[in-house]
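Report on the following structure.
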Amino acid sequence: MDQILNLNFIIKLVRRYWRLLVGCMVIGLAMAAFITYKVIPPRYEADVQILVSRHSKDAAAQYANQQADVQMITTYKELITSQVILVPVLEQLKAKKTDIASLTQLRQAITIASTQNSQVFSIKVTNADATHSAEIANQIAQNFKTQVRSIMKLNNVTVISPAIPATQPRSPQRGLNLLIGLLLGLGIGALIGAIRLLKAAQKVAVTSATRAQTTVGELETTG
């Protein structure tokens, strides 16, 4: 019974206030579009993939090397965010006049991702400029490769997939933001319409009760 009443209420709400609902949805969509495209600055992500691998003709030695390389990735992650790798990159960025002006900002822009037991890991860089994000990622990878040879005396790092400029921003998620704006508009419109509908129903109920009392009074007087 409650479900039938709720369904009837929703149908009545849509029929009576569909213009209000559509208007609120359009307003919500427009506001979400304005905030997404004009207020929130886009952030682009680029990633470069690096393979850590040493080759050996002996099968047993090759397996041991693979396990050692996998374990070395943890050390490499720490090395990538160290001053030895990032300071030269930062100097290059300052020369190009990017929005990254400090070592802290550069570290915050970097994310290192790896899969368990994999010899491949990624250096991801987020920046307001798609070209800069790719350039930064590639500079870090190349400097890291050079420093590994110099510091650790190892030649087991290969860049297998250089970073390329992203065509779409990583954030904000435009489609999701527009959908949220549309749904918020619908929710607000439905709330306003429901309040109006309930007030109208309450007014009708009060009017009916008043008329009933008047009729009863007239009958008592006549009687």
Side-chain angles (χ1 to χ4, degrees), residues 1-47 97-102 104-113 115 122-134 136-137 163-223:
M1 187 65 180
D2 291 339
Q3 292 179 352
I4 295 175
L5 292 175
N6 290 336
L7 181 60
N8 289 335
F9 182 82
I10 293 172
I11 293 173
K12 187 181 295 185
L13 175 66
V14 173
R15 284 179 177 176
R16 186 170 297 184
Y17 296 108
W18 66 269
R19 290 185 180 88
L20 173 65
L21 296 176
V22 172
C24 288
M25 289 171 67
V26 171
I27 293 173
L29 183 63
M31 291 182 64
F34 176 77
I35 293 173
T36 300
Y37 288 92
K38 299 297 183 180
V39 177
I40 303 176
R43 305 290 295 178
Y44 296 88
E45 184 180 82
D47 68 287
K97 297 182 179 180
T98 66
D99 60 347
I100 296 178
S102 68
T104 300
Q105 288 180 322
L106 181 55
R107 284 182 176 139
Q108 290 174 346
I110 300 171
T111 302
I112 303 173
T115 305
S122 300
I123 302 173
K124 300 181 179 182
V125 176
T126 304
N127 191 265
D129 186 283
T131 302
H132 287 164
S133 63
I136 294 168
I164 58 175
T167 57
Q168 295 294 328
R170 182 179 183 273
S171 65
Q173 298 182 15
R174 294 172 177 174
L176 179 60
N177 287 358
L178 295 179
L179 178 61
I180 291 173
L182 195 69
L183 294 178
L184 282 177
L186 175 62
I188 293 172
L191 179 61
I192 296 173
I195 292 173
R196 289 181 179 179
L197 198 60
L198 289 173
K199 285 185 176 180
Q202 186 179 16
K203 185 176 181 180
V204 170
V206 171
T207 303
S208 299
T210 302
R211 287 178 180 177
Q213 288 176 357
T214 302
T215 303
V216 171
E218 291 176 351
L219 290 175
E220 289 178 350
T221 302
T222 301

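If you're wondering where the values come from, they're calculated on a predicted model, not measured in any experiment. These values consider heavy atoms only, across backbone and side chains, with no hydrogens, waters or symmetry-generated copies.
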Return all side-chain donor-acceptor pairs below 3.5 angstrom for residues 13-38, not counting sequence neighbours, or 'none' if the list is empty.
| residue | atom | partner | partner atom | Å |
| --- | --- | --- | --- | --- |
| Thr36 | OG1 | Ala32 | O | 2.7 |
| Thr36 | OG1 | Asn177 | ND2 | 3.3 |

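Taking every heavy atom of both residues into account, Ala109 and Ile100 meet most closely at CB-CD1, 4.3 Å. Of all heavy-atom pairs between Gln173 and Arg170, the closest is CG-O, 4.0 Å. Across all their heavy atoms, Ala134 and Pro165 have their closest contact at CB-N, 3.6 Å. The two residues Ala113 and Lys124 make their nearest non-hydrogen contact at CB-CE, 4.3 Å. Considering all non-hydrogen atoms of both residues, Ala163 and Ala137 come closest at CB-CB, 3.8 Å. In this structure, Arg43 and Ala128 approach most closely via the heavy-atom pair NH1-N, 3.5 Å.
Within 6.0 Å of CG on Leu186 lie more than 12 heavy atoms contributed by other residues, nucleotides or ligands.
Within the 4.5 Å cutoff, no side-chain heavy atoms of Tyr44 are placed close to those of Thr131. The side-chain heavy atoms of Ile136 and Ile110, taken from C-beta on, include no pair separated by under 4.5 Å.
Interatomic distance, Asp47 CG to Ile112 CD1, rounded to the nearest 0.5 Å: 12.5 Å. Atoms CG and CG, from Leu183 and Leu179 in turn, are 4.5 Å apart once rounded to the nearest 0.5 Å.
Applying the side chain to side chain donor-acceptor pair (under 3.5 Å) rule to pairs touching residues 21-31 yields nothing, sequence neighbours excluded.
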